Amino acid sequence: MTADLFQPYALNASITLNNKILMAPLTRCQADDDLVPTQAMADYYARRADAGLIISEAVIIRPDGQGYPNTPGLFTPEQIQGWQRVTSAVHAKGGKIFAQLWHTGRVAHSHFFGGQTVAPSAVKIEGTVPRQRELAYETPKALTTDEIAQLVADYSQAAANAIDAGFDGVEIHGANAYLIDQFLHHDSNRRDDEFGGTPENMARFPLAVVDAIVNRIGNERTALRVSPGAYVNMQGDSRDRAVFDYFLNQLESRQLAYLHVGIFDDALTFEYLGGRVSDYVRGHYSQTLVGVGSYSAETGAQAIADGRFDLLAIGRPFIANPDYVVRVRDRQPLVTYSDEMLAELV
Ligand code: FNR
Ligand code: 8K6
């Protein structure tokens, strides 16, 4: 059954993956204090180059996108150089790597950049920053239309920087209740201008980011992660369904490299989506779909065989097993993941 995972897969005419196992994006908070990737990060990613595609940990596109300590950026020359070290190390071992482009919106904190947090609407989340529990989330400033246009330009520049840094492409982080996802859910988007209120309006900024990046680096190198099911830092709303029906339909014409579900456990079901997030997306999107969320190689391979998605992303087990792909292929036992493993890069 898992043998099928080791078949090559063509994302499009320019990118063919060696196998169907992707390393999911995993924030590790280990960049240096200028948010520059380190040699330890290059070594960490190179050890995982057997994945069909590595998706980098989320990378902030500009300072006010930062919501956690020491998350790497892609907006200074030093950060671009740091990433060049990472991409060369992965390429030297025959791997491929996309950069995940990130702005956390209202999940950002001024502690990290000394300015005001921004979001679609001035609606804050409850709670405190993980790992910095003394920092309570702040009420963000609602973005003006000029500021929204600037954000689109900044995403596009970060995508160009990713290509300069040697990445094979980018995955736009449109999932997990961060900035792009905040436009797509009613809980966080209360706008009454052309960016809120209706599915067309709520999808306008996300589609503008996609289109700007596609124009800049090409559709074959552009991918997107989405979370139609709200599960963290966001309240679900049955009206969100119509937003995603519209958004997914629009995405069909963009011919992206792939679409990726953002969820921790794909066994979760959402009433307003009629079931699992992956099944909902598959029903509304016909092109390459990456599934994720508490799968093993066996259950993931079964889901691919059943036509539920095309490629499998693996997160936590890849932290615990740098040689995950080889262990699965050779039927060796896996090391079990535990949260303590987040303390250092192995
Ligand atoms: C994540 N996840 C995540 N997702 C994302 O889109 N960008 C990110 O930077 C991160 N960072 C991150 C850090 C850590 C420590 C964890 C555990 C998770 C979510 C991740 O990509 C994946 O969707 C989940 O981990 C579910 O897959 P597994 O772990 O069950 O295979
Ligand atoms: C400082 C570490 C930053 C890590 C950021 C990535 C996110 C990891 C933790 C998010 C936890 C959300 C899990 C929610 C699951 C809910 C299931 C109903």
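Everything numeric in this text was worked out from a predicted model, so none of it was measured. Numbering of ligands and ligand atoms starts at 1, following listing order.
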Peer 1: Main chain of S286, side chain of E252: is a donor-acceptor contact present, judged purely on distance under 3.5 Å?
Peer 2: yes
Peer 1: Relative to ligand 1, is I314 under 4.0 angstrom through side chain, backbone, both or neither, heavy atoms considered?
Peer 2: backbone
Peer 1: Go through it in stages, so that I can follow the logic: the residues are N189 and H185, the test is side chain to side chain donor-acceptor pair (under 3.5 Å), and I'd like the CA-CA distance, side-chain angles, deciding distance and then a yes or no.
Peer 2: CA-CA 6 Å; N189 185 343; H185 292 269; over 6 Å; no
Peer 1: Below 4.0 angstrom from a heavy atom of N176, which ligand 1 atoms are there? Numbered from 1 as shown, please.
Peer 2: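 Within the 4.0 Å cut-off of N176, ligand 1 contributes 4 (N), 5 (C), 6 (O).
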Peer 1: Measure centre to centre between the rings of F98 and F167, then say whether the value is under 6.0 Å.
Peer 2: no
Peer 1: Does D330, at its CG atom, have more than 12 non-hydrogen atoms belonging to other residues, nucleotides or ligands within less than 6.0 Å?
Peer 2: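 Result for CG/D330: enclosed.
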Peer 1: Counting from 1, what ligand 1 atoms have a heavy atom of T27 closer than 4.0 Å?
Peer 2: 8 (C), 9 (O), 10 (C), 11 (N), 12 (C), 13 (C), 15 (C)
Peer 1: Which of the numbered atoms in ligand 1 are below 4.0 angstrom from a heavy atom of Q100?
Peer 2: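 Answer for ligand 1: 5 (C), 6 (O), 7 (N), 8 (C), 9 (O).
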Peer 1: Could you tell me which atoms of ligand 1, counted from 1 in the order shown, lie closer than 4.0 angstrom to a heavy atom of A58?
Peer 2: 9 (O)
Peer 1: When you check the side-chain N and O atoms of R62 and Q157, is any donor under 3.5 Å from an acceptor?
Peer 2: no
Peer 1: Can you confirm, on distance only, whether ligand 1 has an N/O atom lying under 3.5 Å from any N/O atom belonging to P317?
Peer 2: no
Peer 1: Tell me, please: is I263 in heavy-atom contact with ligand 1, that is, under 4.0 Å?
Peer 2: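 Contact check I263 vs ligand 1: positive.
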Peer 1: Any atom of ligand 1 sitting under 4.0 Å from a heavy atom of G293?
Peer 2: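 Yes, G293 has heavy atoms under 4.0 Å from ligand 1.
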Peer 1: Is the count of non-hydrogen atoms from other residues, nucleotides or ligands lying under 6.0 Å from R133 atom CZ greater than 12?
Peer 2: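 Enclosed.
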Peer 1: Determine whether any heavy atom of A175 lies closer than 4.0 Å to an atom of ligand 1.
Peer 2: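 For ligand 1, residue contact (heavy atoms, under 4.0 Å) with A175 is absent.
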Peer 1: Using heavy-atom distances, let me know which of F318, Y295, F264 sits nearest atom 18 (C) of ligand 1.
Peer 2: F264
Peer 1: Verify the distance criterion only: is there a donor paired with an acceptor across the side chains of Y280 and D245 at less than 3.5 Å?
Peer 2: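 Distance-only check passes for Y280 and D245.
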Peer 1: Heavy-atom contacts with A24 under 4.0 Å: which atoms of ligand 1 show up? List them by number with element.
Peer 2: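 Checking each atom against A24, I get 21 (O).
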Peer 1: Could you go through D310 and K20, starting from their C-alpha distance and side-chain angles, then the distance that decides it, and tell me whether this counts as salt bridge (Lys or Arg N to Asp or Glu O under 4.0 Å)?
Peer 2: CA-CA 8 Å; D310 306 292; K20 300 185 184 179; over 6 Å; no
Peer 1: Where does H173 meet ligand 1, judged by heavy-atom distances below 4.0 Å: at the side chain, the backbone, both, or neither?
Peer 2: side chain
Peer 1: Counting heavy atoms only, which of E57, H260, R225 comes nearest to atom 5 (C) of ligand 1?
Peer 2: R225
Peer 1: Show me which atoms of ligand 1 lie under 4.0 Å from any heavy atom of R316.
Peer 2: 17 (C), 25 (O), 26 (C), 28 (P), 29 (O), 30 (O), 31 (O)
Peer 1: For the CZ atom of R282 and the CD atom of Q287, what is their distance to the nearest 0.5 Å?
Peer 2: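 These two atoms lie 10.0 Å from each other.
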Peer 1: Which is it for F309 and Y295 under the ring pair (Phe, Tyr, Trp, His ring centres under 6.0 Å) test, yes or no, and what are the steps along the way?
Peer 2: CA-CA 12 Å; F309 44 79; Y295 284 99; 5.3 Å; yes
Peer 1: What atoms of ligand 1 come within less than 4.0 Å of a heavy atom belonging to L342?
Peer 2: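 Answer, ordered by atom number: 15 (C).
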